[in-house]
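Everything below concerns the one structure shown next.
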Amino acid sequence: MTEYRRFYIPKALWFFTVNLAERKNNRLLIEQIDVLSQAFRYIKIRKPFYMNAVVIMPDHLHCIWTLPTDDGDYSTRWNLLKGSFSRKISTGERVSKSRQKRRERGIYPQGTSGNDGFGRI
């Protein structure tokens, strides 16, 4: 299994790409844009950050964030954001047996706890 090295750098500028598990003909993010916006606002209140830019496509999104001067923990923010969004949308996606055992949704690719792609700018 891949072992990720995460660097938590306060006040850093980060680029993220987050994909959905099922990408073909999936319009979830744009069909649920209001729910996604609410999730972003909720997380920004709980764990503040500055969103420099966001591009939301039907099956993935890109963000550029600047983190606070005293907090470089972007992965907690992504976990909270994904969880908040997932709880507010209806079920119906394909869920593997291993995910069913762990009571997980099938929205995001397996093994992506925080984000799928990121890089410090």
Side-chain angles (χ1 to χ4, degrees):
M1 173 166 242
T2 305
E3 197 171 311
Y4 294 100
R5 291 184 183 172
R6 298 185 187 226
F7 299 99
Y8 296 101
I9 304 168
K11 202 174 180 181
L13 186 67
W14 293 90
F15 173 82
F16 302 96
T17 297
V18 176
N19 297 305
L20 298 179
E22 299 289 331
R23 295 196 60 186
K24 189 172 183 174
N25 299 322
N26 192 340
R27 302 175 51 83
L28 179 68
L29 296 178
I30 58 173
E31 288 174 355
Q32 298 293 330
I33 192 74
D34 292 337
V35 176
L36 183 60
S37 295
Q38 289 172 2
F40 269 111
R41 283 192 296 275
Y42 174 71
I43 300 313
K44 285 178 75 175
I45 291 168
R46 290 193 60 202
K47 296 282 284 178
F49 64 95
Y50 180 76
M51 188 157 20
N52 303 74
V54 62
V55 177
I56 300 169
M57 306 299 283
D59 60 353
H60 69 284
L61 60 85
H62 304 285
C63 293
I64 298 175
W65 292 356
T66 301
L67 300 179
T69 57
D70 61 343
D71 183 1
D73 187 7
Y74 56 82
S75 58
T76 295
R77 287 171 173 83
W78 275 112
N79 284 330
L80 291 169
L81 184 99
K82 286 176 158 184
S84 176
F85 178 70
S86 299
R87 283 187 292 280
K88 292 178 181 163
I89 60 173
S90 60
T91 59
E93 73 275 2
R94 189 175 58 84
V95 181
S96 68
K97 290 186 182 205
S98 63
R99 284 188 167 195
Q100 288 174 8
K101 288 180 187 176
R102 293 189 305 266
R103 296 176 38 186
E104 292 179 356
R105 300 277 311 258
I107 299 171
Y108 310 104
Q110 233 169 341
T112 57
S113 61
N115 48 283
D116 304 318
F118 66 92
R120 183 167 177 240
I121 297 176

- Does L80 share a hydrophobic cluster with Y8, counting links as ILVMFWY side-chain heavy atoms below 4.5 Å and allowing steps through other members?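 The answer is yes; both residues are in one hydrophobic cluster.
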- With hydrophobic residues grouped by side-chain heavy-atom distances under 4.5 Å, do I9 and Y50 end up in a single group?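 Each belongs to a different hydrophobic cluster.
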- Item | Residues forming a side chain to side chain donor-acceptor pair (under 3.5 Å) with K47, sequence neighbours excluded |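 Testing K47 for side chain to side chain donor-acceptor pair (under 3.5 Å), a comparison that skips the adjacent residues, returns D71.
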- Taking atom CZ of F16 and atom CG of L81, what is their separation to the nearest 0.5 Å?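 The CG atom of L81 is 11.0 Å from CZ of F16, to the nearest 0.5 Å.
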Extract all donor-acceptor atom pairs below 3.5 Å that involve side chains of residues 31-45 and protein atoms in other chains or at least two apart in sequence.
unit_1 : atom_1 : unit_2 : atom_2 : d
S37    : OG     : I33    : O      : 3.0
Y42    : OH     : R46    : NH1    : 3.3

- Item | Working for side-chain contact (heavy atoms from CB on, under 4.5 Å), residues L28 and F85 | CA-CA 11 Å; L28 179 68; F85 178 70; 4.0 Å; yes
Ignoring hydrogens and angles, write down the donor-acceptor pairs under 3.5 Å from the side chains of residues 53-68, residues two or more places apart or on other chains.
unit_1 : atom_1 : unit_2 : atom_2 : d
D59    : OD2    : R23    : NE     : 3.2
H60    : ND1    : R23    : NH2    : 3.0
H60    : NE2    : H62    : NE2    : 3.2
H62    : ND1    : T17    : OG1    : 2.9
T66    : OG1    : N52    : OD1    : 2.9
T66    : OG1    : N52    : ND2    : 3.3

- Task: Search all heavy atoms of Y74 against all heavy atoms of F7 and return the closest pair with its distance.
- Result: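 Residues Y74 and F7, closest heavy atoms: CE2-O, 3.3 Å.
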